[in-house]
K.L.:
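Starting off with a structure, shown below.
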Amino acid sequence: MSQFFARNTILQSFWIPNPVLTEENLPDQTGKVHIITGGYSGVGKELTSILYQHHATVYVAGRSQEKASKAFQEIKTKNPSSRGRLEFLSLDFSDLTTIKAAVDDFTSREKRLDVLVNNAGVMTPPSGSRGKQGHELQIVTNCLAPFLLTKSLIPILRQTAAQSAPGSVRITWASSLVANLLSPAGGVRLDDDGAPMVASNQQNNYAQSKAANNLYAAEFSRRYSSDGILSVSFNPGNLGTDLQRHLDPLSKLTAVLISHPARYGAYTELYAGWSPDIKLEDGGMFVIPWGRNGNDVLRRDLQKSIEDCKTDENSVARRFWLWSDEQTARFA
């Protein structure tokens with residue numbers, strides 16, 4: 001385990017190869033429509049800026065209209081020649097009742113969706129933190145809410161894929177290095193009812209929620225790749241962002257020592273969502289900093305969970321998908 005920890009930390013934290021897709025070589029995004037959850041701060045804001053620079057329409061989904069407006073003004077000032085659009089989409093990932101209204105708002109304004117980036121998340125909030133419907137906060141914010149958002153947007157994603165190049169319409173899911181290091185065996189530990197079990201340690205709960213996104217990427221790929229929709233997960237990297245606000249002082253210091261600027265995390269997300277190197281048959285891929293295929297650095301049990309979902313109805317990924325579907329069905 002110590003060798004595994006060292007190898008994964010080094011491969012995803014230090015001596016990382018230069019990014020292959022950046023603002024310098026991203027193709028023109030005129031006419032393309034994207035949604036980025038949490039796109040007004042941190043990595044999401046950097047990605048929003050890059051896409052807007054290349055004339056994309058970007059819907060930024062989150063809770064704060066005020067923060068979004070401030071970010072939009074900064075991005076527009078930085079990119080005065082852009083012909084793109086920046087739009088706000090109001091939702092709260094700790095409250096499942098807000099998702100349907102956001103989807104209805106989006107689909108009333110747009111007829112296509114090229115890339116959905118499930119970027120927003122919460123990390124190690126105070127123990128006992130819960131969402132409005134009573135779920136552990138990291139499970140609802142990092143898993144159930146983006147699951148519901150994504151599933152609700154499948155019709156417009158499918159419609160867009162039908163008139164787009166194969167594999168260009170994508171869903172991307174934010175995972176993390178700690179999914180590899182601290183998640184339970186198989187990625188998600190389910191009880192007899194199929195629900196994820198909550199640990200006493202918030203770092204373990206965070207890791208489980210991030211591993212769950214690896215499983216979502218694989219299962220959504222299995223279900224919707226035949227519609228031309230590509231689904232992948234990514235570890236954006238160790239980055240200096242507001243995501244670390246709940247860490248204890250020692251963990252925060254450690255994070256600072258191995259952190260990189262948020263712009264580099266945007267390059268990872270850019271590769272996951274827009275790189276032509278990733279094909280439809282690569283669905284379920286795990287992308288690592290700053291844009292590489294990281295399937296071979298996943299723990300063997302995580303690799304097995306991803307492989308099992310292709311053929312096994314009782315696989316962890318399929319069971320977790322079904323539980324997620326049951327928990328969110330009444331909010332769709």
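This one's a predicted model, so the numbers in the text were calculated from it and none came from an experiment. Only heavy atoms go into these numbers, but all of them, side chains included; no hydrogens, no water, no symmetry mates.
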K.L.:
Tell me whether Ile229 shares a hydrophobic cluster with Val33, the cluster being built from Ile, Leu, Val, Met, Phe, Trp, Tyr side chains joined at under 4.5 Å.
P.N.:
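In one cluster with Ile229: Val33, yes.
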K.L.:
How about Phe331 and Ile99: do any of their side-chain heavy atoms sit closer than 4.5 Å?
P.N.:
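Side-chain contact under 4.5 Å: no.
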K.L.:
Where is the tightest heavy-atom contact between Pro196 and Ile139, given as atom of each residue plus distance?
P.N.:
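That would be CG-CD1, 4.0 Å.
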K.L.:
Indicate yes or no: does Glu219 engage Arg223 in a salt bridge with an N to O separation below 4.0 Å.
P.N.:
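Salt bridge flag = yes for Arg223 with Glu219.
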K.L.:
Using a distance-only test with no angle check, is there a side-chain donor-acceptor pair under 3.5 angstrom linking Thr268 and Arg292?
P.N.:
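No, Arg292 and Thr268 have no side-chain donor paired with an acceptor closer than 3.5 Å.
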K.L.:
Side chains of Glu269 and Asn119, heavy atoms from C-beta outward: is any pair under 4.5 Å?
P.N.:
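Yes, close enough: below the 4.5 Å cut-off.
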K.L.:
Return the minimal non-hydrogen interatomic distance between Gly291 and Tyr271, and the atom names on each side.
P.N.:
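Scanning both residues, the minimum pair turns out to be CA-CG, 3.4 Å.
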K.L.:
Does the side chain of Asn118 come within less than 4.5 Å of Leu149's, by heavy atoms?
P.N.:
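Sidechains of Asn118 and Leu149: in contact.
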K.L.:
Do Ser315 and Asp308 have side-chain atoms, one donor and one acceptor, less than 3.5 Å apart?
P.N.:
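Absent: no donor and acceptor within the cut-off.
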K.L.:
Flag yes if Phe93 and Val122 sit in one hydrophobic cluster, no otherwise; membership is Ile, Leu, Val, Met, Phe, Trp, Tyr, and two members link when side-chain heavy atoms are under 4.5 Å apart.
P.N.:
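In one cluster with Phe93: Val122, yes.
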K.L.:
Could you tell me whether Glu313 and Arg319 make a salt bridge, using a distance below 4.0 angstrom between a side-chain N and a carboxylate O?
P.N.:
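So Glu313 does not pair with Arg319 through a salt bridge.
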K.L.:
Give a yes or no answer on whether the side chain of Asn295 reaches the backbone of Met285 with a donor-acceptor pair at less than 3.5 Å.
P.N.:
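Such a contact is absent between Asn295 side chain and Met285 backbone.
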K.L.:
Could you check whether any side-chain N or O of Ser108 sits under 3.5 Å from a backbone N or O of Asp105, counting only pairs where one atom can act as donor and the other as acceptor?
P.N.:
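Pair found, side chain donor or acceptor close to backbone of Asp105.
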K.L.:
For the residue pair Leu302 and Ala211, what are the closest heavy atoms and their distance?
P.N.:
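Result for this residue pair: CD2-CB, 4.2 Å.
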K.L.:
Any salt bridge between Glu87 and Arg85, counting N to O under 4.0 Å?
P.N.:
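Salt bridge between Glu87 and Arg85, a charged N being under 4.0 Å from a carboxylate O: yes.
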K.L.:
Quiz question: by atom type and distance under 3.5 Å, do the side chains of Asn213 and Ser175 form a donor-acceptor pair?
P.N.:
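Note: Asn213 and Ser175 side chains miss the donor-acceptor criterion.
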K.L.:
Measure across Lys279 and Leu230 and return the closest heavy-atom pair with its distance rounded to 0.1 Å.
P.N.:
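Closest pair (atom of Lys279, atom of Leu230, distance): O-CD1, 3.4 Å.
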K.L.:
Can you check whether Phe234 and Phe286 have ring centres sitting under 6.0 Å from each other?
P.N.:
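Ring-ring flag for Phe234/Phe286: false, centres at least 6.0 Å apart.
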K.L.:
Give a yes or no answer on whether the side chain of Asn79 reaches the backbone of Lys76 with a donor-acceptor pair at less than 3.5 Å.
P.N.:
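Side chain of Asn79 to backbone of Lys76: no pair is present.
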K.L.:
Given 3.5 Å as the limit, does a donor-acceptor pair link the side chain of Arg318 with the main chain of Cys309, or not?
P.N.:
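Yes: the side chain of Arg318 pairs with the backbone of Cys309.
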K.L.:
What heavy-atom pair brings Leu96 and Gln133 nearest, and what distance separates the two atoms?
P.N.:
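Distance-wise, the nearest heavy atoms are N-OE1, 2.9 Å.
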K.L.:
Between Thr77 and Gln73, does any side-chain donor sit less than 3.5 Å from a side-chain acceptor?
P.N.:
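Checked: Thr77/Gln73 side chains pair up, N/O donor to acceptor below 3.5 Å.
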K.L.:
Would Tyr267 and Leu21 count as a side-chain contact (heavy atoms from CB on, under 4.5 Å) here? Give the steps.
P.N.:
CA-CA 6 Å; Tyr267 296 150; Leu21 186 62; over 6 Å; no
K.L.:
Has Arg222 got its NZ or CZ under 6.0 Å from the middle of the six-membered ring of Trp321, at an angle within 45 degrees of the ring axis?
P.N.:
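No, Arg222 does not lie over the aromatic ring of Trp321.
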K.L.:
I'd like to check Gln202 versus Gln138 (side-chain heavy atoms, cut-off strictly below 4.5 Å). Are they in contact?
P.N.:
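Side-chain contact under 4.5 Å: yes.
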K.L.:
Run the side-chain contact (heavy atoms from CB on, under 4.5 Å) check on Arg263 and Glu23 step by step: do they pass?
P.N.:
CA-CA 10 Å; Arg263 172 63 57 130; Glu23 65 273 16; 3.4 Å; yes
K.L.:
Should Asn293 and Val287 count as side-chain neighbours, where that means a heavy-atom distance under 4.5 Å?
P.N.:
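No - every pair of side-chain heavy atoms lies 4.5 Å or more apart.
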K.L.:
Would Glu46 and Tyr264 count as a side chain to side chain donor-acceptor pair (under 3.5 Å) here? Give the steps.
P.N.:
CA-CA 9 Å; Glu46 296 292 339; Tyr264 283 88; over 6 Å; no
K.L.:
Test ring-ring contact (aromatic ring centres under 6.0 Å, His included) on Tyr40 and Phe72; report intermediate values, then the result.
P.N.:
CA-CA 8 Å; Tyr40 49 62; Phe72 291 173; 8.1 Å; no
K.L.:
CD of Glu136 to OG1 of Thr141: how many Å apart, nearest 0.5 Å?
P.N.:
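So the CD of Glu136 and the OG1 of Thr141 are separated by 8.0 Å.
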K.L.:
Do the charged groups of Arg112 and Asp114 touch, with an N to O distance under 4.0 Å?
P.N.:
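Looking at Asp114 together with Arg112, the answer is yes, because their closest N to O distance falls below 4.0 Å.
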K.L.:
Under the criterion side-chain contact (heavy atoms from CB on, under 4.5 Å), I'd like the reasoning laid out for Phe88 against Ser90: C-alpha separation, chi angles, the key distance, then a yes or no.
P.N.:
CA-CA 6 Å; Phe88 177 65; Ser90 178; 3.7 Å; yes
K.L.:
Using a 4.5 Å cut-off on heavy atoms from C-beta on, say whether the side chain of Val58 contacts that of Gln29.
P.N.:
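No. Closest side-chain heavy atoms not under 4.5 Å.
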K.L.:
May I ask you to test the Leu153-Ile35 pair for a side-chain heavy-atom distance under 4.5 Å?
P.N.:
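Leu153 reaches Ile35 side chain to side chain.
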K.L.:
What about Ile154 and Leu322, same hydrophobic cluster or not, with Ile/Leu/Val/Met/Phe/Trp/Tyr joined at side-chain heavy-atom distances under 4.5 Å?
P.N.:
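Linked, Ile154 and Leu322 end up in one cluster.
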K.L.:
Show, in sequence, the C-alpha distance, side-chain angles and deciding distance for Arg170 and Ser231, and conclude whether the side-chain contact (heavy atoms from CB on, under 4.5 Å) test is met.
P.N.:
CA-CA 6 Å; Arg170 301 185 187 182; Ser231 173; over 6 Å; no
K.L.:
Taking Thr48 for the side chain and Gly44 for the main chain, is one N or O donor matched with an acceptor at less than 3.5 Å?
P.N.:
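Here the side-chain-to-backbone pair exists.
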K.L.:
Got a donor-acceptor contact below 3.5 angstrom from the Thr98 side chain to the Asp95 backbone?
P.N.:
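At least one qualifying donor-acceptor pair exists.
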K.L.:
Taking atom CD of Glu66 as the centre, report whether more than 12 heavy atoms of other residues, nucleotides or ligands fall under 6.0 Å from it.
P.N.:
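At most 12 heavy atoms, drawn from other residues, nucleotides or ligands, come within 6.0 Å of this atom.
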K.L.:
With the side chain counted from C-beta on, respond yes when Thr107 and Leu113 share a heavy-atom pair under 4.5 Å apart, and no when they do not.
P.N.:
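They are not in contact (no side-chain heavy atoms under 4.5 Å apart), so the answer is no.
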K.L.:
Would a line drawn from the ring center of Trp274 to the ring center of His34 be shorter than 6.0 Å?
P.N.:
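Yes, they do, as the ring centres are separated by less than 6.0 Å.
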K.L.:
Between Asp312 and Asn314 (side chain of the first, backbone of the second, donor and acceptor by atom type, cut-off under 3.5 Å), is there such a pair?
P.N.:
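Checking the backbone N and O of Asn314 against the side chain of Asp312, a donor-acceptor pair under 3.5 Å is found.
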K.L.:
Look at the side chain of Ser129 and the backbone N and O of Pro125, then say whether any donor-acceptor pair between them is shorter than 3.5 Å.
P.N.:
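Judged by distance alone, no pair lies under 3.5 Å.
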K.L.:
Could you label the plane-to-plane angle of the Trp323 and His135 rings as parallel, tilted or perpendicular, counting under 30° as parallel and over 60° as perpendicular?
P.N.:
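Rings of Trp323 and His135: perpendicular, over 60°.
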K.L.:
Would a single hydrophobic cluster contain both Leu89 and Phe147, if residues Ile, Leu, Val, Met, Phe, Trp and Tyr are joined by side-chain heavy-atom contacts under 4.5 Å?
P.N.:
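As far as the 4.5 Å side-chain criterion goes, Leu89 and Phe147 are connected within one cluster.
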K.L.:
What heavy-atom pair brings Ser94 and Leu137 nearest, and what distance separates the two atoms?
P.N.:
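Result for this residue pair: CB-CD1, 3.9 Å.
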K.L.:
State whether the number of non-hydrogen atoms from other residues, nucleotides or ligands found under 6.0 Å of Arg189 atom CZ is greater than 12.
P.N.:
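No, because the 6.0 Å sphere around CZ of Arg189 holds 12 heavy atoms or fewer from other groups.
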K.L.:
Ser82 side chain to Tyr52 main-chain N or O, any donor-acceptor pair under 3.5 Å?
P.N.:
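Looks like yes, one N/O pair under 3.5 Å.
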K.L.:
Give a yes or no answer on whether the side chain of Lys210 reaches the backbone of Ala174 with a donor-acceptor pair at less than 3.5 Å.
P.N.:
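The answer is yes, because a donor-acceptor pair under 3.5 Å joins these two groups.
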K.L.:
Could you tell me the separation between the CG atom of Asp193 and the CD atom of Glu326, rounded to the nearest 0.5 Å?
P.N.:
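So the gap between those two atoms works out to 9.0 Å.
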K.L.:
Taking the six-membered ring for Trp, are the ring centroids of Phe106 and Tyr59 within less than 6.0 Å of each other?
P.N.:
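Yes, the ring centres sit under 6.0 Å apart.
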